[in-house]
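Taking it in order: structure first as C-alpha cells, then the write-up.
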Amino acid sequence: TGLRHASFERCAFSQLGAYALELADGCRDVAVRQCHFWDLGAGAIQLGVADLAALKSPVVAGDPASAGAREVNGLTVDNCCIHRLGTVWHGCYGIVNRFASRTRITHNEIFDTHWDAIGLDARWDWKGEAYSSGNEVAYNHLHHLGLGYHTDAAAVYQFGPLDTHIHHNLIHDTHAYPYICGFAGVYLDEQSRGARVENNLVYSADWYAYFQHKGMDNLFRNNI
C-alpha cells in the first residue's frame, strides 16, 4: 500500500497460499520484472484497488487534499513467468488489474492455470471506469489455460476499463469446463469501451478466438 517508484526484479514467489503479490491503494510507478511466480494457492499478481467506495473517499476525513491518494497508476508487469496457479482456489486470475490506470502488462508467459490468465476487471460501479483506463496488454504468451475446470473465461478478459490496448499477444490451447460456454482468446465483456484489439494470434481455443459482449466503440483489427 502506498509504494512509489520501486521495483521487484528477478524475484521468485512460490508455494504460497493465496495471491503472491498485491500492489494496492496508492501504489504508483512500480515495476515487476523478470520474476518467477509458480505453485500458488491462488493467482500471481493483483493490481489496483478492489473497493471503489474506499477509492473515492478521502484518506483523511474532511481533508480534500487527501482525496485521490488511493488511486493507482503507472504499474508495470514485464517479462515474468507465471504458472501452476490455483492449487487451492481455482477461480483466480494470473494477473488482475482492477481500479488502476496506465498499467503495462507485457512480455509475460502464463500457463497451467484454471481461469483467466490476464484480467482487467473494474466491474463494481457503472461510473468507476475512469479509475481504470489507458492500460496495455501486449507481447504476452498465454497458453494451456482452463484445464477443463472453468468456463465463460478467456486468456485476456476485460470488464469495465476504458481505452485498453491489447496487441501482439500469442494465445493458444484453452480448455473449458465442458457443456457451458467456453474459454475464449480475448473477451471484452460488458462496459468495455474504446478498446483496441489488434495484431494478436489465437489458435486452438475452446470457444471464440475474439468475443465482444455488449461493449461499444471497440476496435478489432488485423487479428488471426
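With hydrogens and angles disregarded, no donor-acceptor distance shorter than 3.5 Å links the side chain of Asn97 to the backbone of Leu120. Judged purely by atom type and a 3.5 angstrom limit, Ser132 uses its side chain to pair as donor or acceptor with the backbone of Arg98. Panel note: side chain Asn108, backbone Ile82; no donor-acceptor pair is recorded below 3.5 Å. Side-chain N or O atoms of Arg4 include one that pairs as donor or acceptor with a backbone N or O of Gly26 at under 3.5 Å. Using modelled atom types, one side-chain atom of Tyr19 and one backbone atom of Tyr93 make a donor-acceptor pair closer than 3.5 Å. At distances below 3.5 Å, at least one donor-acceptor pair connects side-chain atoms of Tyr210 with backbone N or O atoms of Ile224. Of the possible donor and acceptor atoms, none in the side chain of Thr113 sits under 3.5 Å from a partner among the backbone N and O of Leu145.
Looking only at side-chain heavy atoms (C-beta outward), Gln34 and Glu9 stay at 4.5 Å or farther from each other. A heavy-atom distance below 4.5 Å is not found between the side chains of Phe37 and Val77. At least one side-chain heavy atom of Gln191 sits under 4.5 Å from a side-chain heavy atom of Phe159.
Evaluated for a side-chain hydrogen bond (donor to acceptor under 3.5 Å, both in side chains) with Glu136, the options His167, Arg196, His165 yield exactly one hit, His167. A side-chain hydrogen bond (donor to acceptor under 3.5 Å, both in side chains) with Asn200 is found for exactly one of Asn222, Asn140, Asn223, namely Asn223.
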The test is side chain to side chain contact (heavy atoms under 4.5 Å, CB included); show your working for Trp115 and His90 and say whether it passes. CA-CA 7 Å; Trp115 204 37; His90 295 335; over 6 Å; no
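Defined by atom type and a distance below 3.5 Å, a donor-acceptor pair is present between the side-chain atoms of Asp189 and His213.
Here the straight-line distance linking atom SG of Cys35 with atom CZ of Arg10 works out to 10.0 Å at 0.5 Å rounding.
Ion pairing between Asp39 and Arg84 holds under the 4.0 Å rule for side-chain N and carboxylate O.
With sequence neighbours left out, the ring-ring contact (aromatic ring centres under 6.0 Å, His included) criterion links His36 to Trp38, His83.
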